[in-house]
Amino acid sequence: MRIATWNVNSVVARLPRLLDWLGTAEPDILCLQELKTSADGFPTDELADLGYEAAVHGTGRWNGVAVLSRVGIADVRRGLVDEPGFQPEDALLEAHEPRAVGASCGGVRVWSVYVPNGREVGHPHYDYKLRWLQALRATVQVELAAAPFAVLGDFNIAPTDADVWDPAAFATSTHVTPPERQALAELRALGLVDVVPRAMKHDTPYTYWDYRAGAFHKNMGMRIDLVYASTGLADSVRDAYVDRDARKGTGPSDHAPVVVDVDLSPAG
DNA sequence: ATGTCATGGACGCCATGA
């Protein structure tokens, strides 16, 4: 079985690239992030033509996550346990954002997550990020009972200094701070394993490169798209890689897909 | 480090978020 995750930076703008990629990579399960559209705008029919069903959690212009599956989809759950919202400075009410959706596909329980960016250390969004990660932990704690299990997506955290192109450039940034990394450690402590993809080029398994300043060609990247698998599922992993080709060419997302092949057969 | 995108609202540009 092939399981993948991809922040597509608008599923509508990326539809030609997404359909092309599905046709060649042929994942059984694909977790999508940054749909940037509501469920109404989601390209359900085009994906169904390729044999994929979808569990969608989207509300409009920002965020949005989905699980695609060609091995069945059931028990869809939208949102986290005790999920926090984000309250912009000028808003009266905090708004819940579509950043997490879970589904059972072909005997595997998967969650597609888009962790808040955090913007700047000390910004209200950074505090929201840490609170959101605590809710993710509470959700995983419950959902992990349905193993094999994995939570995949854009975590907006580089787990180690080796996962950023220049640690010095991130000295005062989000994505690398001890509280963010501690939140990842607490997820792993529940019984999850960071499935690190093999390096393809430059000996780095980065998954994200800024659109600006030729970052991709200079390999100024980060590994922030992660696959956190239950121990049993991690044991069944036969290969894991970043599909850098999906970051090349015309009209790419700024993220590349992470692809994981697992062998779930009893003898596997 | 900041040379790019994508979206949506009031328009052939700006604000927002990443």
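If you're wondering where the values come from, they're calculated on a predicted model, not measured in any experiment. Chain letters run A, B, ... following the sequence lines, proteins first and then strands; every chain starts at 1.
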**OP:** Give a yes/no answer on whether the side chain of Arg14(A) brings an N or O atom under 4.0 Å of OP1 or OP2 in dC5(B).
**Re:** no
Original post:
Considering only the P atoms, how many Å lie between dG3(B) and dT7(B), rounded to the nearest integer?
Top reply: 22 Å
Original post:
Under 4.0 Å between a side-chain N or O of Arg61(A) and OP1 or OP2 of dT16(B)?
Top reply: no
Original post:
How many Å lie between CZ on Phe170(A) and P on dT2(B), as a whole number?
Top reply: 14 Å
Original post:
Can you check the Phe216(A) CZ to dT2(B) P distance for me, whole Å?
Top reply: 22 Å
Subject >> Euclidean distance for C1', dG8(B) against dG12(B) (whole angstrom) >> reply: 14 Å
**OP:** For Thr37(A) and for Pro116(A), find the nucleotide of DNA chain B with the closest heavy atom, then tell me which residue's nucleotide is more 5'.
**Re:** Thr37(A)
Original post:
Roughly how many Å is it from NZ in Lys218(A) to P in dG3(B), rounded to a whole number?
Top reply: 11 Å
Subject >> DNA chain B: 5'-proximal contact among Tyr114(A) and Tyr211(A) (nearest heavy atom) >> reply: Tyr211(A)
Subject >> Options dG17(B), dA6(B), dT2(B), nucleotide nearest the side-chain atoms of Ala13(A) >> reply: dA6(B)
Original post:
Of the nucleotides dT4(B), dA18(B), dA1(B), which one has an atom closest to the side chain of Arg99(A)?
Top reply: dA18(B)
Subject >> Heavy-atom side-chain proximity of Arg223(A) to Pro197(A) below 4.5 angstrom >> reply: yes
Original post:
Hey, is the main chain of Arg131(A) close enough, under 3.5 Å, to the side chain of Gln134(A) for a donor-acceptor pair?
Top reply: no
**OP:** Please test Arg188(A) against Asp194(A) for salt bridge (charged side-chain N to carboxylate O under 4.0 Å, His left out), starting from the C-alpha separation and ending with a verdict.
**Re:** CA-CA 7 Å; Arg188(A) 293 192 298 273; Asp194(A) 182 356; 5.2 Å; no
Original post:
What nucleotide among dA18(B), dC5(B), dG17(B) has an atom nearest to a side-chain atom of Trp62(A)?
Top reply: dG17(B)
**OP:** Return yes if some donor-acceptor pair links the side-chain N/O of Asp127(A) with the main-chain N/O of Pro124(A) below 3.5 Å, else return no.
**Re:** no
**OP:** With P as the reference atom in both, quote the distance from dA6(B) to dT2(B) in angstrom, rounded to an integer.
**Re:** 23 Å
Subject >> Length of the line joining Phe86(A):CZ and dT16(B):P, which is rounded to integer Å >> reply: 13 Å
Original post:
Do we see a donor-acceptor contact under 3.5 Å between the side chains of Thr174(A) and Glu180(A)?
Top reply: no
Original post:
OH of Tyr208(A) versus C1' of dA18(B): gap in Å, rounded?
Top reply: 6 Å
Subject >> Which nucleotide in dA18(B), dA6(B), dT7(B) has an atom nearest any side-chain atom of Val12(A) >> reply: dT7(B)
**OP:** Looking only at side-chain atoms of Arg212(A), point me to the closest of dG17(B), dA1(B), dT2(B).
**Re:** dT2(B)
**OP:** Take the protein atom NE2 of His175(A) and the nucleotide atom P of dA18(B), then report the distance between them rounded to whole Å.
**Re:** 9 Å
Original post:
On a whole-Å scale, what distance lies between the P atoms belonging to dT4(B) and dA10(B)?
Top reply: 27 Å
Subject >> Between dG17(B) (P) and Asn63(A) (CG): distance, integer Å >> reply: 11 Å
Original post:
Looking only at atom P, what distance separates dA1(B) and dC14(B), rounded to whole Å?
Top reply: 27 Å
Subject >> For atom NZ of Lys36(A) and atom C1' of dT7(B), their distance in whole Å >> reply: 7 Å
Original post:
Has Ser10(A) got a side-chain N or O lying under 4.0 Å from the OP1 or OP2 atom of dT7(B)?
Top reply: yes
Original post:
Given the side-chain rings of His125(A) and Phe86(A), with only the six-membered ring counted for Trp, is the space between their centroids under 6.0 Å?
Top reply: yes
